[in-house]
Amino acid sequence: MKELLKEMHSWMDAYMKSFHTDDEEVMQGIRIKEEHTGYVTAIAIQLAKHLQLDGHDVELAEIMGLFHDVGRFRQYSIYKTFNDAVSEDHADLGLKVLSELDFIKKLRPEDEALVRFAIGRHNKKEIGPAPSKKALMFAKLLRDADKLDIYRVLSPYLGPENADKAPKFIAADASDLVSLDFIEDFKAGRQADYRKLRTLGDRKLVRLLWVYDINFSWTLREIVKRGYVDRIIHYLPEQPGIDEGVAKLRAYIEKKCAMKDTADC
């Protein structure tokens, strides 16, 4: 597996570099995706070790992190956007890319199935039915690793001074107000549907509501420790229902962070 991992990393590095361009606006997105790939890979390894997975499964987590957004690059080359809603689901597109790679077939069939399931479900609103407890565990792990780093990616663009510099992955109008249906989701303590995102305020809140979809307490403690939750809350507008949602969120975080993680799903 060690040699196969080296082959995979070398291929992915060259593949990402093949999308480099002199267009600075395009390169902003490409650079973000390159860095994100590295961070998610490292987080997936860290979380897998925290869950005390064996060496083989830690390597599988590494592969999942490495390839989780491989579809993003072809997505942009075809559609000139990273917006799934107006192009193609990037996880599904990533699975098509993986199917074309000979070295994926060097994995044991059961391992390839785990990799494909986790990558295919990493960006969906819900994981949905899983073929096994192990597949469910890996899907949860990858989703957590992905979300933890997306908080880092988006953090610099929360303030008004940098809002217009944010990568245009999802179109939204410039209003900082949160849509009323998103506020209702916040008050109820549930995720909002990002496909209904309309404003910059919605964009902030939908990331905050990801807290309710974090699977492992380790991940949530990292999100809190790195200041991502407080930073988003700081930049939320003053609207009826926001304070109620914040109080509910903080109570949930306190309870979830006290829980003990297990890889047994």
Side-chain angles (χ1 to χ4, degrees), residues 36-37 39-41 43-53 57-72 75 82 84-85 88-99 104 107 109-151 153 169-170 185-186 188-197 205-223 249 252-253 255-257 259-265:
H36 175 62
T37 295
Y39 276 105
V40 173
T41 304
I43 293 168
I45 293 170
Q46 191 175 3
L47 179 51
K49 290 180 176 179
H50 165 76
L51 294 172
Q52 299 182 324
L53 302 187
D57 284 351
V58 171
E59 291 171 337
L60 285 183
E62 181 177 352
I63 292 169
M64 293 168 189
L66 181 65
F67 290 127
H68 84 284
D69 263 359
V70 68
R72 283 295 196 192
Q75 179 187 43
F82 290 119
D84 287 7
E88 187 173 352
D89 184 290
H90 75 273
D92 296 342
L93 187 54
L95 293 181
K96 294 178 185 177
V97 175
L98 290 181
S99 295
I104 289 296
L107 291 171
E110 60 269 29
D111 288 342
E112 182 185 354
L114 289 170
V115 169
R116 293 181 65 84
F117 180 77
I119 291 175
R121 303 308 303 175
H122 87 270
N123 67 327
K124 305 303 188 285
K125 186 177 180 183
E126 298 175 345
I127 295 174
S132 66
K133 287 184 177 181
K134 192 168 187 178
L136 178 61
M137 182 274 296
F138 273 120
K140 289 180 174 181
L141 183 154
L142 184 58
R143 286 165 70 91
D144 272 24
D146 188 35
K147 286 183 173 68
L148 175 53
D149 191 60
I150 292 176
Y151 279 111
V153 171
F169 294 161
I170 299 177
D185 290 329
F186 194 27
R190 61 174 178 255
Q191 285 198 92
D193 188 345
Y194 75 90
R195 293 170 297 182
K196 297 179 181 178
L197 187 153
L205 190 64
V206 77
R207 304 309 182 196
L208 191 60
L209 290 172
W210 274 357
V211 162
Y212 292 112
D213 192 46
I214 296 299
N215 297 288
F216 299 106
S217 61
W218 176 89
T219 315
L220 189 52
R221 288 193 295 269
E222 286 296 312
I223 290 169
L249 185 82
Y252 174 85
I253 288 172
K255 182 177 179 180
K256 177 76 173 180
C257 283
M259 296 174 67
K260 184 176 181 181
D261 286 326
T262 172
D264 184 7
C265 296

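The figures here come from the full heavy-atom set of this structure, side chains too, leaving out hydrogens, waters and symmetry mates.
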### Query
Tyr252 and Tyr212: ring-ring contact (aromatic ring centres under 6.0 Å, His included), yes or no, with the steps?
CA-CA 8 Å; Tyr252 174 85; Tyr212 292 112; 4.8 Å; yes
### Query
Ile45 versus Glu59: any side-chain heavy-atom pair under 4.5 Å?
no
### Query
Any Lys/Arg nitrogen of Asp92 or Lys124 sitting under 4.0 Å from an Asp/Glu carboxylate oxygen of the other?
yes
#### Entry: Side chains of Glu222 and His50 in contact at under 4.5 Å (non-hydrogen atoms)
no
### Query
Are His90 and His68 close enough, and set up right, to give a ring-ring contact (aromatic ring centres under 6.0 Å, His included), and what steps lead you there?
CA-CA 9 Å; His90 75 273; His68 84 284; 7.7 Å; no
### Query
Cut-off 3.5 Å, side chains only: do Gln75 and Asp84 have a donor facing an acceptor?
yes
### Query
So does Glu88 pair up with Lys96, basic N to acidic O under 4.0 Å?
yes
### Query
Heavy atoms, side chains only, cut-off 4.5 Å: are Ile253 and Leu249 in contact?
yes
#### Entry: Min side-chain heavy-atom separation Gln46-Trp218 under 4.5 Å
yes
### Query
Which distance, rounded to the nearest 0.5 Å, do you find between the CG of Leu66 and the CD1 of Ile119?
8.5 Å
### Task
Drop me the distance from Asp144's CG to Leu220's CG, to the nearest 0.5 angstrom.
9.0 Å
### Query
Do other residues, nucleotides or ligands put more than 12 heavy atoms under 6.0 Å from Glu110 CD?
yes
### Query
When rounded to the nearest 0.5 angstrom, what distance separates CD1 in Ile223 from OH in Tyr151?
5.0 Å
## Note on the structure
CZ (Arg221) and CD1 (Ile214) are apart, to the nearest 0.5 Å, by 12.5 Å
#### Entry: Atom pair CG (Leu142) and CG (Asn215), whose distance is rounded to the nearest 0.5 Å
10.5 Å
### Query
Going from CD on Gln191 to CG on Leu205, what distance comes out if it is rounded to the nearest 0.5 angstrom?
11.0 Å
### Task
Taking the side chain as every heavy atom from C-beta outward, state whether Thr41 and Thr37 have any atom pair closer than 4.5 Å.
yes
### Message
Within the 4.5 Å heavy-atom criterion, are Phe67 and Val115 side-chain neighbours or not?
### Response
no
### Partners passing salt bridge (charged side-chain N to carboxylate O under 4.0 Å, His left out) against Asp185 (at least two apart in sequence or in another chain)
Arg190
### Message
Applying salt bridge (charged side-chain N to carboxylate O under 4.0 Å, His left out), can you list everything that pairs with Lys49, at least two apart in sequence or on another chain?
### Response
none
### Message
Under 4.0 Å between a side-chain nitrogen and a carboxylate oxygen: does that hold for Lys134 and Asp57?
### Response
yes
